[in-house]
Amino acid sequence: MGTNARAGDETHFDATTGYRIDRYRAPTPDTVPGATTISVDDVRRLLKDERAVLVDAMPAEGAGPDPKTGAWRLSKKREHIPGSIWLPDVGKGVLSPAMDRYFRTNLDRITQGDQARALIIYCLADCWMGWNAAKRAAAYGYTRVYWFPGGTDDWRDWEGTLEPAAPVPLDVSAAAPN
């Protein structure tokens, strides 16, 4: 059992990678390997003082990305912290090669290739998607990964405003075999 699993939870984790692979809406641990856990006040400070980039790892509800255009076909709208970049499904326990490329390419784009740029990764409270995405970003080599475990729930509860979210399309040209 990994250090992040609770007794009896072993089946919910990939034994090799340690990522949560199902039942993503469940209590999370206090920390993420390779990331720093932060609060609402920390988010505000990092945005102001460090030019941190907000990454929303909330999964998309709907039919997934359109195979022809890459646009996400949503059945439910999402609101998130203003200024966030919504990268749906990057917090799943196992990513397809296309989704792994999507996450890596977009992190590189939004940090302008600076792996020391502060990244704040979140989802909702008690959501493993943000936890997995933060762990994965650290595994990709990003050195200043911050995990905001309360996500949009804590942000809203502490008088933060939310704005409509639009997911970044999947690059279907990159996903197609050459």
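For clarity, every value in this text was computed on a predicted model and none was experimentally measured.
- Under the 4.5 Å side-chain heavy-atom criterion for Ile, Leu, Val, Met, Phe, Trp and Tyr, F13 and Y24 are members of the same hydrophobic cluster.
- When atom types are taken as modelled, the side chain of R73 and the backbone of P65 share a donor-acceptor pair closer than 3.5 angstrom.
- Considering all non-hydrogen atoms of both residues, W155 and T161 come closest at NE1-O, 2.9 Å.
- In this structure, CG in L124 is found 11.0 Å from OG1 in T28, a value given to the nearest 0.5 Å.
- Between the T152 side chain and the H80 main chain, no donor and acceptor come within less than 3.5 Å of each other.
- In this structure, S84 and I81 approach most closely via the heavy-atom pair OG-O, 2.7 Å.
- Between P29 and P149, the closest side-chain pair of non-hydrogen atoms is not below 4.5 Å.
- Between R109 and N106 the shortest heavy-atom distance is NH2-OD1, 2.9 Å.
- Closest non-hydrogen pair, A138 versus V145, comes out as N-CG2, 3.9 Å.
- Counting only distance, with no hydrogens or angles, the side chain of Q115 and the backbone of Y140 share a donor-acceptor pair below 3.5 Å.
- Salt-bridge formation is detected for the pair R144/E50: a Lys NZ or Arg NE/NH1/NH2 atom is positioned less than 4.0 Å from an Asp or Glu carboxylate oxygen.
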- Between V168 and Y102, does a side-chain contact (heavy atoms from CB on, under 4.5 Å) hold up when you go through it step by step? CA-CA 9 Å; V168 174; Y102 172 78; 3.7 Å; yes

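- Judged by distance alone, the side chains of D153 and Y122 never bring a donor and an acceptor atom under 3.5 Å apart.
- Between the side chain of R117 and the main chain of R51, a donor-acceptor pair closer than 3.5 Å is present.
- Rounding to the nearest 0.5 Å places OH of Y19 at 8.0 Å from CG of L95.
- Summarising the geometry, atom CG belonging to D108 is positioned 12.0 Å from atom CZ belonging to F103; distances are rounded to the nearest 0.5 Å.
- Under a 3.5 Å cut-off, the side chain of D66 and the backbone N or O of A71 do not form any donor-acceptor pair.
- A continuous path of Ile, Leu, Val, Met, Phe, Trp and Tyr side chains, each step under 4.5 Å between heavy atoms, connects Y146 with F148, placing both in one hydrophobic cluster.
- For A133 against A57, the heavy-atom pair with the smallest separation is CB-CB, 3.8 Å.
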Using residues 34-46 as the side-chain source, report each donor-acceptor pair under 3.5 Å to any protein atom, sequence neighbours left out, with the distance given to one decimal.
unit_1 : atom_1 : unit_2 : atom_2 : d
T37    : OG1    : D30    : O      : 2.7
S39    : OG     : D41    : N      : 3.4
S39    : OG     : D42    : N      : 3.4
S39    : OG     : D42    : OD2    : 3.2
D42    : OD2    : S39    : N      : 3.0
R44    : NH2    : W158   : O      : 3.2

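- D154 contributes atom CG, which lies 9.0 Å from atom CZ of R156 (distance to the nearest 0.5 angstrom).
- By the rule that hydrophobic residues join a cluster once side-chain heavy atoms approach within less than 4.5 Å of another member, L74 and L170 end up as members of one cluster.
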Donor-acceptor contacts, no H, no angles, side chain residues 85-93, under 3.5 Å, sequence neighbours left out:
unit_1 : atom_1 : unit_2 : atom_2 : d
W86    : NE1    : M58    : O      : 2.7
D89    : OD1    : A60    : N      : 3.1

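- Atoms OG1 and CH2, on T31 and W131 in that order, are 8.0 Å from each other to the nearest 0.5 Å.
- Under a 4.5 Å side-chain heavy-atom criterion applied to ILVMFWY residues, the cluster that includes V94 comprises I21 as well.
- For the residue pair R25 and D126, the shortest heavy atom distance occurs at NE-O, 3.2 Å.
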